[in-house]
2 protein chains.
Amino acid sequence: MSSAQPDTRLRILKASLELLEAGQGQGVRMADVAKRAGVSRQAVYLHFESRAELLIQTTLYLDDIAGSQERLIPSREATTGVARLDAFIEAWTAYLPIIYPSARALLAMRETDEDAAHAWDQRMRDMREGCEAAVTALQRDGQLNPAHDPQEATDLLWMLLSVRNWEQLTRISGWSQEAYAAKIRSSAHQLLVMPKASK
Amino acid sequence: MSSAQPDTRLRILKASLELLEAGQGQGVRMADVAKRAGVSRQAVYLHFESRAELLIQTTLYLDDIAGSQERLIPSREATTGVARLDAFIEAWTAYLPIIYPSARALLAMRETDEDAAHAWDQRMRDMREGCEAAVTALQRDGQLNPAHDPQEATDLLWMLLSVRNWEQLTRISGWSQEAYAAKIRSSAHQLLVMPKASK
DNA sequence: AGTGTCAATTGACACGGCGACAAGTGGTGA
DNA sequence: TCACCACTTGTCGCCGTGTCAATTGACACT
């Protein structure tokens, strides 16, 4: 936090992120990132040991500037199980389009690179914890659909909220982000919330 | 159907399929396929113009020997909408583990190769037609959950049955194939079939 | 025998992208 | 003045895909 060039590492991360967003996570090479950061290709390797590492750090950087943590506050503060579920779904589905480009790149890398695989899996495990917390809150309220035990319910919710499903519904089936969010929420309710006996 | 060497093209396809299965769709190179087929690397290019083309043809070959068409007969013959839905889900979920290795390889290729992307998308469009037929049959019977219009219901079912979801639930969440099939079927019912007013 | 054809082989090569290495260069502070 | 630091320049190796040209060996026709 001192040099005229505001921290090369940060410039590289920014460049990486911008390119990922521009290409929707596709076709971003080390040389492209370097060029955009106004730095030599080798300088990138001075800061990141490999392409996998750069992608991992880029997603962490994005989490940081996009406030991944703050987004979860309403969910944690929800009082009822259903409110917690809804708040979590709301936060995650709104976050999905933001992380999609870098998630896609990391997912592609995951196929061949062990570090990338590990980083992605960790990320998804963290996200699963949010699912689990929501399911637990539902159960505490006696609102969990008895068709599923908590483990299975968590996995189903986790699946429902996956990046790949967002990709399929919005990019292939052509759903708007709003339609996606609404339908996923109502589907989660149908699957997980105890059907009302009567009213 | 005559030479001592039973058709080189076929030997290559078999080799490709075996390697894909052995590696769960990962790390299969042209040279590996050639070696396993007992043929030079160049011979592979004599029969398939590119790696993408080889993968595409391998999945078609697999469809052929695994009877992808026959599997759909029970679904087409079902009388009620719910029976049709169940038969389709049963056929597809049982087919998924079979095609997974080649599907995975093709999905990876899809990211970078236009031909592979087109072939995969076509495959998935075909599968979607099965979903659509089941939803239409449900609707005809007045059994479609009014929470969804037929389009949306089809897309939801399509999403539910995706290769990626099978991969996540069985390979990551660790569900058995049986648990997967049962849960997906019951989830499809919860989502798509009209809730009984009473009984 | 002689000729043509066809499938396949051999070996070499170009290319793109990642990653490593070595020898500079230029600015800063002790 | 010297040393250090971040960075540059240029070069190189590796890998996997895809191409090309020359050759071989089997068969078929005449």
Side-chain angles (χ1 to χ4, degrees), chain A residues 1-16 19-20 22-23 25-58 102 104-117 119, chain B residues 1-16 19-20 22-23 25-58 102 104-117 119:
Chain A
M1 60 170 97
S2 59
S3 60
Q5 306 275 56
D7 198 353
T8 303
R9 181 190 146 91
L10 206 58
R11 295 227 317 284
I12 294 170
L13 286 173
K14 277 193 168 114
S16 169
L19 289 176
L20 285 170
Q26 263 185 111
V28 176
R29 292 157 302 180
M30 296 300 268
D32 300 331
V33 173
K35 190 168 183 182
R36 175 153 252 245
V39 104
S40 70
R41 194 168 67 88
Q42 281 53 34
V44 178
Y45 285 100
L46 247 39
H47 292 271
F48 305 94
E49 68 175 8
S50 66
R51 184 169 182 276
E53 186 60 23
L54 172 59
L55 291 180
I56 292 166
Q57 295 303 323
T58 303
S102 60
R104 187 179 183 188
L106 204 47
L107 269 165
M109 193 106 217
R110 195 192 117 96
E111 296 289 309
T112 53
D113 184 281
E114 211 164 311
D115 289 354
Chain B
M1 61 168 99
S2 58
S3 60
Q5 305 274 55
D7 198 352
T8 302
R9 182 189 146 90
L10 206 58
R11 295 226 316 284
I12 295 170
L13 286 174
K14 278 194 168 111
S16 168
L19 289 176
L20 285 170
Q26 261 186 112
V28 175
R29 291 157 303 180
M30 296 300 267
D32 301 330
V33 173
K35 190 170 184 181
R36 176 154 250 247
V39 104
S40 69
R41 195 168 67 89
Q42 282 54 33
V44 178
Y45 284 101
L46 247 40
H47 292 271
F48 305 93
E49 68 174 8
S50 68
R51 184 168 182 276
E53 185 60 22
L54 172 60
L55 290 180
I56 293 165
Q57 294 303 321
T58 302
S102 59
R104 187 178 182 188
L106 205 47
L107 269 166
M109 193 107 218
R110 195 192 115 97
E111 296 289 308
T112 53
D113 184 280
E114 211 165 312
D115 289 355

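Note that the structure is predicted; figures quoted are calculated from it, not measured. Residue numbers start from 1 in every chain, and the chains themselves are labelled A, B, ... in the order their sequence lines are given, proteins ahead of strands.
Atoms CE (A:Met30) and C1' (C:dG16) sit 15 Å apart, rounded to a whole Å. Rounded to an integer number of Å, the gap from B:Leu54 CG to D:dG18 C1' is 13 Å. The interatomic distance linking B:Arg51 (CZ) with D:dT17 (P) rounds to 6 Å, in whole Å. As rounded to whole Å, 18 Å separates atom P of D:dT11 from atom OH of A:Tyr45. Spacing between atom CD of B:Glu49 and atom P of D:dG18 amounts to 9 Å, rounded to whole angstrom units. The distance from atom CZ of A:Phe48 to atom P of C:dG17 is 21 Å, rounded to the nearest whole Å. Distance CE (A:Met109) to P (C:dG17): 14 Å, rounded to an integer number of Å. Here D:dT17 presents its P atom at 15 Å from CD of B:Glu53, a figure rounded to the nearest Å.
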| query | Should B:Leu106 and B:Thr58 be marked as a side chain to side chain contact (heavy atoms under 4.5 Å, CB included) after you check the CA-CA gap, both sets of side-chain angles, and the distance that decides it? | reply | CA-CA 10 Å; B:Leu106 205 47; B:Thr58 302; over 6 Å; no
| task | Please report the C-alpha distance between A:Glu111 and B:Glu111 in whole Å, then the side-chain angles of each, then the deciding distance to 0.1 Å, and finally whether the side chain to side chain contact (heavy atoms under 4.5 Å, CB included) criterion is met. | result | CA-CA 12 Å; A:Glu111 296 289 309; B:Glu111 296 289 308; over 6 Å; no
| message | The test is side chain to side chain contact (heavy atoms under 4.5 Å, CB included); show your working for B:Val44 and B:Arg41 and say whether it passes. | response | CA-CA 6 Å; B:Val44 178; B:Arg41 195 168 67 89; 5.7 Å; no
| said: Working note: B:Phe48 + B:Met30, criterion side chain to side chain contact (heavy atoms under 4.5 Å, CB included); need CA distance, chi angles, decisive distance, verdict. | reply: CA-CA 10 Å; B:Phe48 305 93; B:Met30 296 300 267; 5.6 Å; no
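From one end of the helix from C:dA1-D:dT30 to C:dA30-D:dT1 to the other, with five pairs defining each end axis, the axis direction shifts by 20° (rounded to 10°).
A:Leu13 CG to A:Arg11 CZ: the interatomic distance, rounded to the nearest 0.5 Å, is 11.5 Å. Atom CD1 in B:Ile12 sits 5.0 Å away from atom NE2 in B:His47 (nearest 0.5 Å).
The side chain of B:His47 contributes an N or O atom lying less than 4.0 Å from OP1 or OP2 of C:dA8.
With hydrogens and angles ignored, no donor-acceptor pair under 3.5 angstrom links the side chain of A:Arg41 to the base of C:dG17.
Heavy-atom nearest nucleotides on DNA chain D were determined for A:Leu46 and for A:Gln42, and the one closer to the 5' end corresponds to A:Leu46.
Residues A:Ala116 and A:Met109 share a closest heavy-atom pair of CB-CG, 3.5 Å.
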